[in-house]
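All values below were derived from every heavy atom in this structure, side-chain atoms included, with hydrogens, water molecules and symmetry-related copies excluded. Each residue takes its place number in the sequence, starting with 1. Computed from a predicted structure; not experimentally measured. All ligand and atom numbering here is 1-based and tracks the order in the structure.
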Amino acid sequence: MSAPLRQAEIDLDAYRANLERVRGWMHPVEVMAIMKADAYGHGLEPIALAAVDAGIRWIGVLTVPAALRLRAIGVGEDVHLFTWQHDPALDFRDAIDSAVDLGVSNLAELQRIVEAVDQRPARVHLGVDTGLHRDGSSIDDWPALVEAARDAQRAGRIEVVAAYTHLAESSDDDDAASVSLFEAAIERAEDLGVDVPMEHVAASLAGLERKEFRKDMVRMGANLYGIPGADGVSAADLGLEPVMTVTASVAKTKRVPVGTGVSYDYTYRTDDETTLALVPFGYADGVPRSAQGRVEVAINGKRYPIAGRVAMDQFLVDVGDDDVQVGDTVVLFGTGERDEMTVLEWGAALDTIGEEIVCRIGARVNRVYSGHSVEGRVGEYLRGEHA
Ligand SMILES: *Cc1c(COP(=O)(O)O)cnc(C)c1O
């Protein structure tokens, strides 16, 4: 049987195992499972349902529309959905009515939220910029934001659920300085009459390595997909499993003579009579052009480099005299079980991080979901049976 042309297999049991492991490590601190960018390319709905089945109570999805997608497939209000990047033209009404948690960075945002409140108070997390200069209020603007939030809360328009910041993960000292700024901001808020019920600061790396940064909740993304960010540490070292395995099937084979130029620009020439195997997976599918000469793919348990340029829809490998047939599975990256590289190794080889590789796996790569977890609500969703 021929393998699918292009496929990303998402092992939901591996995701759940990672989730359970990380929750065990963080206990009693809460874990928010981060699922921005379509769950790091793994597919938002199946990942979210698997996490909910595993008992997760907090999910971070970045945007309100993504949160509403989850409410629409039955993720109930017992699961808090945190969003923090808001379209300046967004009407917050649906988010508030669906009890979506809103990260707030500035007075204008708070104002728009307060104006959209109808039936019930908006759930607000006050963001502090402690050095990353992305979201969150600057330290200078913080007192004014806090006072406005206090007044809106007293008027029953909002509920301040938490305060949060995000760290640069630049160095231990820089992160410690950021956390000190955050702690001072919390004190200031309490002085101004806002009780902050919950604090969250750390993502995967700091959550793992800096116990004192865990506060009430850690926002975990990379670790849950089996892509830990710690330098020189593999997922396996930490007891985490890569969740995504990317494969293609050999689409054509061709016997060619010595000296044959391969792919655009003939950057590779065969040094013997040999067989070229065509792999239907190009840069449109997420293999960067720069992967030539830097990564290897596995076919029948053996590794081969990419021969010549990666094209939009395909690349070639020189398999010599090996018995490689049309339909054979080419493993680009995965767990390593079939002698393939892991996505962490791809990241290192390509001067990037595993997150970028998985997020860029393209839309025409079919996601298939495996594991026992597929039997529950995920299975119903995948079969189109959700309400
Ligand atoms: C992406 C992100 C996270 C998760 O980061 P990981 O390093 O993948 O765990 C947490 N918080 C915020 C605000 C983020 O943008």
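With hydrogens and angles left out, the side-chain atoms of H42 and R367 include no donor and acceptor closer than 3.5 Å.
Residues satisfying the salt bridge (Lys or Arg N to Asp or Glu O under 4.0 Å) criterion with K302, sequence neighbours excluded, are D322.
The immediate protein surroundings of ligand 1, defined as residues with any heavy atom under 4.0 Å of it, consist of I34, K36, Y40, W84, R134, H166, A203, S204, R219, M220, G221, A222.
Note on residues 16-33: no pairs pass side-chain hydrogen bond (donor to acceptor under 3.5 Å, both in side chains), not counting sequence neighbours. Among residues at least two apart or in separate chains, side-chain hydrogen bond (donor to acceptor under 3.5 Å, both in side chains) pairs with a member in residues 104-120 are E77-R120.
Annotation: Y225 is in aromatic contact with Y15 [ring centroid separation under 6.0 Å]. Between F182 and Y164, the distance from one ring center to the other does not fall under 6.0 angstrom.
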